[in-house]
Amino acid sequence: MKIHDVLDKNGILIDLTPKDKSELLSTMGGYIASLYEIRSADTIIQKILSRESEMSTGIGYGIAIPHGRVEGIDRLHMIAARLKHGIEFEAIDEQPVSLIFMMISPPNTSADHTHILSSLSRVMSYEEVRNDLMEAASAQEFLSILINAESKYVE
């Protein structure tokens with residue numbers, strides 16, 4: 001499974017301006033539910049916020065990958081957001097977060113879930129990829145940068 005299998009341009013939000021982490025995660029949770037016609041937006045938001053309260057998904061370099069397993073969905077879903085201004089996220093490097101990739105998956109998709117997390121982590125470890133994503137002029141360009149980086153850096 002590749003990133004482009006679970007993320008399309010309609011799932012990319014450019015230049016959001018949330019006031020804090022909670023608002024961002026709630027907005028993204030509502031959006032992923034709406035985009036994929038999932039009736040349980042409140043459940044998604046609660047799962048993501050609960051997971052985040054246990055340990056931040058801010059992996060460093062301005063990136064966060066909030067994720068959770070949700071009963072009642074049929075497959076892994078992902079959206080991405082780029083923030084106009086970084087926000088406090090309790091990231092491991094204590095830096096503000098500007099690039100967020102939210103994933104939800106059914107409880108029984110461990111392999112796909114882990115594979116996408118691994119691919120994202122690898123791709124986002126490259127400074128030029130992060131810089132290019134921050135400069136992308138559109139959701140389509142953002143997606144193209146990710147797809148090209150995955151092809152280049154992930155086996």
Side-chain angles (χ1 to χ4, degrees), residues 3-107 109 112-114 116-127 129-146 149:
I3 293 169
H4 69 269
D5 294 327
V6 294
L7 179 66
D8 68 37
K9 70 177 183 170
N10 295 326
I12 299 170
L13 305 167
I14 300 291
D15 293 338
L16 293 182
T17 56
K19 68 180 188 310
D20 59 27
K21 178 180 176 177
S22 180
E23 179 183 306
L24 170 68
L25 295 176
S26 294
T27 298
M28 290 183 75
Y31 187 75
I32 201 169
S34 173
L35 181 65
Y36 295 109
E37 299 177 356
I38 302 167
R39 280 186 251 139
S40 54
D42 291 339
T43 301
I44 292 168
I45 294 166
Q46 190 54 42
K47 287 279 188 186
I48 295 292
L49 291 173
S50 175
R51 164 66 177 83
E52 203 62 40
S53 72
E54 294 170 16
M55 187 171 110
S56 176
T57 57
I59 63 170
Y61 301 106
I63 302 146
I65 310 175
H67 55 278
R69 299 190 190 278
V70 178
E71 294 283 346
I73 61 173
D74 61 346
R75 66 180 182 89
L76 189 148
H77 298 287
M78 183 167 72
I79 62 171
R82 180 180 74 198
L83 307 185
K84 199 165 197 146
H85 307 287
I87 60 169
E88 168 56 40
F89 213 89
E90 301 167 28
I92 109 177
D93 63 357
E94 300 179 1
Q95 296 300 308
V97 164
S98 298
L99 294 168
I100 302 91
F101 300 88
M102 180 178 281
M103 287 184 4
I104 58 170
S105 61
T109 57
D112 291 342
H113 189 98
T114 302
I116 294 294
L117 281 173
S118 173
S119 293
L120 271 174
S121 295
R122 181 167 297 153
V123 165
M124 298 310 295
S125 71
Y126 293 91
E127 184 176 10
V129 174
R130 297 189 306 267
N131 290 341
D132 289 348
L133 290 174
M134 289 304 295
E135 298 296 321
S138 67
Q140 183 60 57
E141 184 179 346
F142 188 102
L143 182 61
S144 294
I145 291 164
L146 273 178

Closest contact, heavy atoms only, [X] versus [Y]:
X: Pro18; Y: Leu83; value: CD-CD2, 3.7 Å
X: Arg51; Y: Met55; value: NH1-O, 2.9 Å
X: Leu16; Y: Ala81; value: CD1-CB, 3.7 Å
X: Ile100; Y: Met28; value: CG2-SD, 3.6 Å
X: Phe101; Y: Ala80; value: CD2-CB, 3.7 Å
X: Ile145; Y: Ala136; value: CD1-CB, 4.0 Å

Taking [X] for its side chain and [Y] for its backbone only, find out whether a donor-acceptor pair lies under 3.5 Å.
X: Ser26; Y: Ser22; result: yes
X: Arg82; Y: Phe142; result: no
X: Arg130; Y: Ser125; result: yes
X: Ser53; Y: Ser50; result: yes
X: Glu52; Y: Thr57; result: yes

Spacing of [X] atom [atom1] and [Y] atom [atom2] [to the nearest 0.5 Å]:
X: Arg122; Y: Leu117; atom1: CZ; atom2: CG; value: 13.0 Å
X: Arg75; Y: Ser105; atom1: CZ; atom2: OG; value: 11.5 Å
X: Ile116; Y: Asp5; atom1: CD1; atom2: CG; value: 7.0 Å
X: Ile32; Y: Ile73; atom1: CD1; atom2: CD1; value: 7.5 Å
X: His85; Y: Ser98; atom1: NE2; atom2: OG; value: 9.5 Å
X: Leu146; Y: Leu133; atom1: CG; atom2: CG; value: 5.0 Å

Enumerate, atom names and distances included, each donor-acceptor pair closer than 3.5 Å involving a side-chain atom of residues 87-97, sequence neighbours excluded.
{"residue": "Glu88", "atom": "OE2", "partner": "Glu90", "partner atom": "N", "Å": "2.6"}
{"residue": "Asp93", "atom": "OD1", "partner": "Gln95", "partner atom": "N", "Å": "3.1"}
{"residue": "Asp93", "atom": "OD2", "partner": "Tyr61", "partner atom": "N", "Å": "2.8"}

Flag the pair [X] / [Y] as yes when at least one side-chain heavy-atom distance between them is below 4.5 Å, and no otherwise.
X: Pro107; Y: Glu71; answer: yes
X: Met134; Y: Leu99; answer: yes
X: Arg69; Y: Lys47; answer: no
X: Ile104; Y: Ile48; answer: yes
X: Met78; Y: Ile3; answer: yes
X: Glu141; Y: Asp132; answer: no
X: Ser121; Y: Ile59; answer: yes
X: Val6; Y: Met103; answer: no

Kindly check if the number of other-residue, nucleotide or ligand heavy atoms within 6.0 Å of CD (Glu135) is above 12?
-> no
Tyr31 meets the ring-ring contact (aromatic ring centres under 6.0 Å, His included) criterion, sequence neighbours left out, with none
